[in-house]
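In what follows, residues are counted from 1 in the order of the sequence shown.
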Amino acid sequence: MGVLRALLRLDPSLDPVEIGARLSPFPVVDGLCLDHVFLVDAVADPERVHALAVVDRIYLLSLASLIAPLNMACRSGDVVLDACAAPGGKTLVVEKAFPGVHLYASEFSRARRTHLARLLAKVAPKVSVLGLDARDLRRLPFPAPQAILLDAPCSGEAHLARAGSAE
């Protein structure tokens with residue numbers, strides 16, 4: 001059985017029918033606005049899905065990656081830190097599900113942070129990208145956060161799924 005997937009529609013002008021996958025609406029979670037999140041039932045056109053992901057019109061992530069951000073109790077005006085943010089899926093979920101939060105995405109790895117910054121500049125430009133070491137958050141360059149998201153190592157990383165299936 002494959003990894004259960006979710007899809008974030010990053011481009012609001014993109015009709016879900018155009019994506020090339022059979023999608024189901026994501027169930028409502030405590031009244032959160034999730035009209036941009038879909039469950040991927042089947043991929044009919046893998047090339048189309050890949051092409052849309054490459055140009056950041058959609059973002060695919062595992063369902064496991066939705067658990068932590070959708071269970072945060074964030075309100076508009078809250079300061080939120082995603083402390084190990086790359087590759088960016090959970091950051092995007094927080095940004096879409098909790099409008100009005102002051103979101104900081106931090107990634108210590110320069111290479112991963114560069115990719116993260118490019119993605120967020122394009123589809124979530126209000127998110128601030130930082131290079132903090134999540135092992136020591138005593139001197140944050142912003143007000144103390146009301147919530148910290150920390151998924152280290154990332155639960156949705158494909159290499160973890162492959163490593164686990166090899167045992």
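No donor-acceptor distance shorter than 3.5 angstrom exists from the side chain of Asn71 to the backbone of Ala68, with no hydrogens or angles considered. Distance alone, capped at 3.5 Å, is enough to place a donor-acceptor pair between the Tyr59 side chain and the Gly89 backbone. Panel note: side chain Glu107, backbone Ala86; a donor-acceptor pair is recorded below 3.5 Å. A side-chain donor-acceptor contact under 3.5 Å links Thr114 to the backbone of Arg110. The backbone N or O of Leu39 lies less than 3.5 Å from no partner atom in the side chain of Ser24, so there is not a single donor-acceptor pair. Under a 3.5 Å cut-off, the side chain of Arg113 and the backbone N or O of Ser106 do not form any donor-acceptor pair. Using a distance-only test at 3.5 Å, with no hydrogens or angles considered, a donor-acceptor pair links the side chain of Arg48 to the main chain of Glu18.
Contact between Ala73 and Asp78 at its shortest, heavy atoms only, is O-OD2, 4.0 Å. Pro87 and Leu116 get closest at one heavy-atom pair: O-CD1, 3.8 Å. Residues Ala134 and Cys84 approach most closely at CB-SG, 3.9 Å, considering heavy atoms. Nearest heavy-atom pair across Arg9 and Pro16 is NH1-CD, 3.4 Å. The shortest heavy-atom contact between Val127 and Leu120 is CG1-CD1, 3.8 Å. The two atoms that bring Ala121 and Pro125 nearest to each other are O-CB, 3.7 Å, heavy atoms only.
In this structure the side chain of Arg57 never reaches within 4.5 angstrom of the side chain of Val123, judged on heavy atoms. Within the 4.5 Å cutoff, the side chain of Cys74 has no heavy atoms near those of the Gln146 side chain.
Note that the CG atom of Leu149 and the OG1 atom of Thr91 stand 7.0 Å from one another [nearest 0.5 Å]. If you take CD1 on Ile148 and CG on Asp82, they are separated by 10.5 Å, rounding to the nearest 0.5 Å. A distance of 11.5 Å separates CZ in Arg139 from CG in Asp133, rounded to the nearest 0.5 Å. Note that CG of Leu10 is 7.0 Å distant from CG of Leu119, once rounded to the nearest 0.5 Å.
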Using the side-chain contact (heavy atoms from CB on, under 4.5 Å) rule, take Val80 and Phe98 through it: C-alpha gap first, then chi angles, then the decisive distance, then the call.
-> CA-CA 10 Å; Val80 178; Phe98 303 104; over 6 Å; no
What do the steps show when you test Ser65 against Val93 for side-chain contact (heavy atoms from CB on, under 4.5 Å), and what is the final call?
-> CA-CA 9 Å; Ser65 293; Val93 172; over 6 Å; no
Working for side-chain contact (heavy atoms from CB on, under 4.5 Å), residues Met72 and Val94 | CA-CA 8 Å; Met72 297 177 73; Val94 171; 3.9 Å; yes
Determine, stepwise, if the pair Phe142 / Val79 fulfils side-chain contact (heavy atoms from CB on, under 4.5 Å).
-> CA-CA 9 Å; Phe142 52 86; Val79 174; 3.7 Å; yes
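Linking Ile, Leu, Val, Met, Phe, Trp and Tyr residues whenever their side-chain heavy atoms come within less than 4.5 Å leaves Leu137 and Leu150 in two separate clusters. Ile67 and Val37 end up in different hydrophobic clusters when Ile, Leu, Val, Met, Phe, Trp and Tyr side chains are linked at under 4.5 Å. Residues Phe108 and Leu130 do not share a hydrophobic cluster, defined by chaining ILVMFWY side chains whose heavy atoms lie under 4.5 Å apart. Two different hydrophobic clusters hold Leu103 and Leu140 under the rule that ILVMFWY side chains link at heavy-atom gaps under 4.5 Å.
Ion pair Lys90/Asp151 flagged as a salt bridge, since at least one NZ, NE, NH1 or NH2 atom sits closer than 4.0 Å to an Asp/Glu carboxylate oxygen.
Within 6.0 Å of the NZ atom in Lys122, the count of heavy atoms belonging to other residues, nucleotides or ligands exceeds 12.
Clustering of Ile, Leu, Val, Met, Phe, Trp and Tyr side chains at separations under 4.5 Å places Ile58 together with Leu7, Leu14, Ile19, Leu23, Phe38, Val40, Val43, Val49, Leu52, Leu60.
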